[in-house]
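Shown next, in structure tokens, is the structure this report addresses.
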Amino acid sequence: MKYLILIAILAGPGADDPTALLEQIIIIPGVSGHEERVREAIRERLPEWAAKVAVEDEHGNLIVEVGEGKPWVLFVAHMDETGLEVMKIADDGSLVVRHRGGFLPTLYEGEIVEVHAKEGVVPGVVPPRERGQGRFGYDSIRVVLGTRSAEETQGLGVAVGDTITVPKRFDPMLGGKKMGRGMDDRVGSAAILWAIRELDPEALSKKVTFVWSTEEEIGLEGAKGLAAVKKPDFVFAVDTYVSSDSPRESPRFGHVRLGEGAVVRAIDGSNIAPFNDVMRLLDLARDRKIPLEYGVTGGGNDGSAFVPGGAVDLPIAWPLRNSHTAVEIIHAGDLMALSRLVVAIAEEF
Amino acid sequence: MRTHTLTIAMMFAAWAAPGGSTPDVDLAGLSMISAPSGYEGSLRVLIRKSLPKGVTSRVDNLGSLILEGGEGSPHRLFVTSLDEPGLVVSRITPDGYLRLSPLGGIGPGGLDLRFFEGKRVVVRGKAGWIPGAVTATSIHLRGKRPERFSIDDVWVDIGASSRDEAEAAGITRLAPLTLTKQFRSLAGTQVTGVALSHRFGSQVLLELAHRWSDSPPAGKWTIAWAAQDLIRGRGVRVGRGVQRLAQQVQPDEVYYVGRVAPRRAPDSAPEPRDSYWYPESKLGAGPVVLSVEGEVPALAEGEGIQRIKGAGRDPTRAFRGAGQRHILSIPVLYPDTPAEIIDTRDLDALIELIFSLTKEDR
């Protein structure tokens with residue numbers, strides 16, 4: 001029993017291991033535009049000094065700012081994840097939904113899902129395509145709950161605006177790998193949360209801003225709002241490096257292997273990081289003995305929203321397999337490397 | 001919480017039923033066990049442990065579990081399937097990925113492989129089942145996606161980086177794999193989960209074994225959970241386990257308790273799933289009965305029974321000499337998907353129906 005208590009204490013908000021933090025926050029649903037519970041979980045896990053200065057802006061971003069001086073660096077990881085949102089309760093009790101963020105619609109076909117209603121989770125099922133129906137697209141997705149009328153569905157506490165995800169889980173795998181839905185970007189969120197707990201705010205010689213942003217998956221909305229008022233010199237988007245380290249992907253690009261460290265996302269769909277700054281990061285990591293890779297991949301990042309305001313966007317990441325699926329896979333060692341890199345940048349870059 | 005409530009409700013129903021004895025496992029418990037064809041051992045052990053005290057059972061050389069009792073005639077056989085759709089590891093790549101081959105119940109008329117892409121699975125190692133993922137292509141990398149997801153597209157990631165690492169975890173060739181099991185209670189009396197259509201029969205017959213342990217019917221009876229029911233040879237329409245059973249028992253009446261197999265639609269292209277249809281039945285409107293040979297006496301004028309004609313295969317075919325052959329089932333919504341839905345009222349009614357078949361004997 002005493003061991004169970006010890007485990008419970010270690011796994012609580014005080015957990016001092018980025019993977020333990022990740023496990024705590026990844027199981028919380030946070031579909032784009034509905035990040036409240038994730039934000040509160042992160043806020044609860046901030047060190048005391050950071051909690052005192054933490055603010056939530058009008059876009060729902062959670063911001064911790066500390067120190068003075070140049071260069072001003074800003075780290076941003078997004079709290080939201082892809083999923084569904086209830087648009088209407090049909091007369092037959094089923095849910096008409098819209099997708100939030102991009103994913104393969106077939107990943108939901110014939111699957112059990114969870115409606116995150118005000119009073120708790122309500123299980124549902126996404127019916128498979130009808131016989132003879134060729135394509136299963138976003139507009140094919142609806143959700144049944146076992147009810148036969150709108151009134152019955154409302155009686156379960158389900159309402160328009162509720163969000164829907166696949167069941168949230170976090171599974172350990174062989175070789176230090178972990179599997180879950182929403183690694184993108186709870187890993188980034190956990191990385192900067194762990195880093196902020198490691199930092200001595202009094203020892204910082206420059207201004208450092210930590211941001212947990214909203215609505216990245218639906219167009220970088222939270223970051224865009226923040227970029228209108230924050231003009232850092234460097235922005236480090238802490239997000240996924242979509243890796244082709246998987247047999248069904250083309251290794252032409254995105255080929256960084258899991259378990260070999262953090263990654264500088266030098267070029268992606270939204271940004272080209274200055275080559276010399278990429279090299280500076282690699283030098284810093286080498287000095288600190290932090291494994292760091294670099295490469296070219298797809299997708300956009302929150303940091304790109306700050307570029308029009310004059311910032312240099314240097315996205316840092318970890319390699320991820322099966323992006324935007326229920327089986328996103330990471331290596332715990334890469335998360336640790338990423339967390340240490342955030343600390344190093346805050347202290348020395 | 002809802003599942004727990006359902007469990008209690010079903011247990012209460014069983015206590016209230018004649019016979020008194022009740023199994024200590026319910027549909028939720030049975031459905032969370034992975035039992036692909038040829039690898040039904042864990043489920044068989046669980047069912048065997050849950051049999052009424054004092055009952056003697058045997059296991060045949062294919063892995064079917066068999067209970068026998070009574071003497072004289074008629075000799076009634078109630079049989080269901082033990083197995084469910086699954087895959088088996090046929091190769092481990094040097095970089096630790098699993099390549100697979102289908103066992104039973106996969107593909108046309110069964111669980112389409114597209115439901116595996118990007119999904120959680122479990123693989124049985126020497127120390128138990130471990131989690132894995134069927135790899136998917138990322139939308140960010142815009143890789144080529146196959147027109148139809150086939151067994152050649154199935155790569156399973158268990159986290160291993162090498163064949164040695166996989167084997168050290170007890171994952172070897174011939175390790176079985178299924179979708180990660182789920183069971184959830186929906187609104188009202190519906191429940192959903194993986195392979196429920198392959199598992200409800202096990203619960204029905206377990207319940208029957210308990211009832212008959214205190215109140216046996218007249219005549220001889222056999223209850224069997226057939227292994228490898230989803231495995232059929234070329235030109236053979238009956239599952240291996242039932243076929244083997246037919247070599248061991250010669251009943252007068254045969255009742256197959258389980259899913260109704262879909263039929264191939266004559267007007268469609270030979271493509272998986274789309275070319276199959278399931279006999280229509282309505283969830284919550286009672287058990288489904290398909291009489292192959294003879295007429296179920298107690299049901300001739302019965303209400304609350306959904307009679308259907310014709311199925312994709314006749315699982316009683318191995319017993320063609322028997323005067324009575326029937327398929328007793330329940331409606332299944334979204335069959336052959338990871339989220340099959342059934343109504344527990346239909347399940348309870350099926351149990352009562354079967355019990356009533358022999359009621360007048362006692």
Side-chain angles (χ1 to χ4, degrees), chain A residues 93 102-104 106-107 109-112 122-129 131-134 144-148 152-153 155-156 167 169 171-179 240 242-244 246-250 253-254 257-259 268-269 297-299 320-327 329, chain B residues 2 93 95-97 112 114-115 117-120 130-145 149 153 155 157-162 165-166 168-169 171 180 182 184-194 265 268 273-277 333-334 336-339 341 343:
Chain A
F103 48 80
L104 296 173
T106 49
L107 297 178
E109 183 185 8
E111 286 294 325
I112 294 173
V122 177
V125 168
V126 175
R129 72 191 73 178
R131 181 176 157 244
Q133 177 189 339
V144 298
L145 306 171
T147 54
R148 298 182 194 286
E152 211 180 324
T153 294
L156 297 174
R169 290 180 55 160
D171 289 322
M173 305 179 83
L174 297 182
K177 297 189 182 74
K178 313 288 178 187
M179 173 168 61
T240 309
V242 180
S243 173
S244 59
S246 178
R248 292 185 58 217
E249 305 281 16
S250 164
F253 74 130
R257 290 172 62 87
L258 269 64
D268 66 15
T297 189
L320 177 76
R321 290 176 183 161
N322 310 319
S323 173
H324 285 200
T325 72
V327 291
I329 295 174
Chain B
R2 298 159 68 92
T93 66
D95 52 355
Y97 283 95
D112 194 295
R114 76 171 187 272
F115 292 116
E117 185 180 20
K119 301 295 169 56
R120 276 190 166 76
I130 67 166
V134 178
T135 61
T137 51
S138 164
I139 58 168
H140 301 93
L141 299 181
R142 297 181 181 144
K144 282 184 183 172
R145 302 198 67 243
F149 193 76
D153 301 308
W155 296 74
D157 185 349
I158 53 173
S161 299
S162 68
E165 191 178 357
I171 304 297
T180 297
Q182 296 188 73
R184 304 293 291 266
S185 295
L186 298 173
T189 49
Q190 294 180 10
V191 295
T192 185
V194 175
S268 62
R273 184 173 177 82
D274 288 358
S275 61
Y276 283 79
W277 62 272
L333 192 58
Y334 316 135
D336 297 323
T337 72
I341 298 177
D343 193 312

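Just so it is clear: chains get the letters A, B, ... in the order the sequence lines come, proteins before strands, and each one is counted from 1.
Ranking A:Thr147, A:Leu107, A:Leu258, A:Leu320 against chain B, the residue ahead of the rest is A:Leu107, based on heavy-atom pairs under 4.5 Å. By number of non-hydrogen pairs under 4.5 angstrom with chain B, the leading residue of A:Ser246, A:Gly269, A:Gly259 is A:Ser246. Between chain B and the options A:Gly110, A:Gly298, A:Gly102, the largest number of non-hydrogen pairs under 4.5 Å is found for A:Gly110. Most heavy-atom pairs under 4.5 Å with chain B, from the set A:Gly254, A:Gly299, A:Pro127: that is A:Pro127.
With a 4.5 angstrom heavy-atom cutoff, A:Thr325 touches chain B only via side-chain atoms. At a 4.5 Å heavy-atom cutoff, the contact between B:Ile158 and chain A is made by backbone and side-chain atoms alike. Proximity to chain A is absent for every atom of B:Asp95, based on heavy atoms less than 4.5 angstrom apart. Of the two parts of A:Arg148, only the side chain, counted from C-beta on, holds a non-hydrogen atom closer than 4.5 Å to a non-hydrogen atom of chain B. The contact between A:Leu104 and chain B is made by backbone and side chain atoms together, counting heavy-atom distances below 4.5 Å. Residue contact with chain A, scored on non-hydrogen atoms closer than 4.5 Å, is absent for B:Val194. For chain B, no part of A:Thr240 is nearby; none of its heavy atoms comes within less than 4.5 Å.
Using a distance-only test at 3.5 Å, with no hydrogens or angles considered, a donor-acceptor pair links the side chain of B:Arg120 to the main chain of A:Ala326. Judged by distance alone, the side chain of B:Glu165 and the main-chain N or O of A:Gly175 form a donor-acceptor pair under 3.5 Å.
At least one side-chain heavy atom of B:Arg184 sits less than 4.5 Å from a side-chain heavy atom of A:Pro167. For the pair B:His140/A:Thr297, no side-chain contact is recorded, criterion being any heavy-atom separation below 4.5 Å from C-beta on. Residues B:Leu186 and A:Pro123 meet the side-chain proximity criterion, which asks for heavy atoms closer than 4.5 Å.
Taken to the nearest 0.5 Å, the CZ atom of A:Arg129 stands 4.0 Å off from the CZ atom of B:Arg114. In this structure, A:Leu145 CG and B:Ile341 CD1 are separated by 9.5 Å, a value rounded to the nearest 0.5 Å. Distance check: A:His324 NE2 to B:Thr137 OG1 gives 13.0 Å after rounding to the nearest 0.5 Å. In this structure, the separation between NZ on B:Lys119 and OG1 on A:Thr106 is 7.0 Å, given to the nearest 0.5 Å. With rounding to the nearest 0.5 angstrom, the CE atom of A:Met179 is 8.5 Å from the CG atom of B:Asp157. To the nearest 0.5 Å, the span separating CD on A:Glu249 from OG1 on B:Thr135 amounts to 8.0 Å.
Contact detail for B:Ala339 and A:Val125: the closest heavy-atom pair is CB-CG1, 3.7 Å. The two atoms that bring A:Met173 and B:Ala133 nearest to each other are CE-N, 4.3 Å, heavy atoms only. Contact detail for B:Ile139 and A:Phe103: the closest heavy-atom pair is CD1-N, 3.9 Å. Across all non-hydrogen atoms, the minimal contact from A:Ile112 to B:Gly193 is CD1-CA, 4.2 Å. Between A:Val242 and B:Ser138, the shortest heavy-atom contact is CG1-OG, 3.2 Å. Minimum heavy-atom separation, A:Glu111 to B:Pro338: OE2-CG, 3.2 Å.
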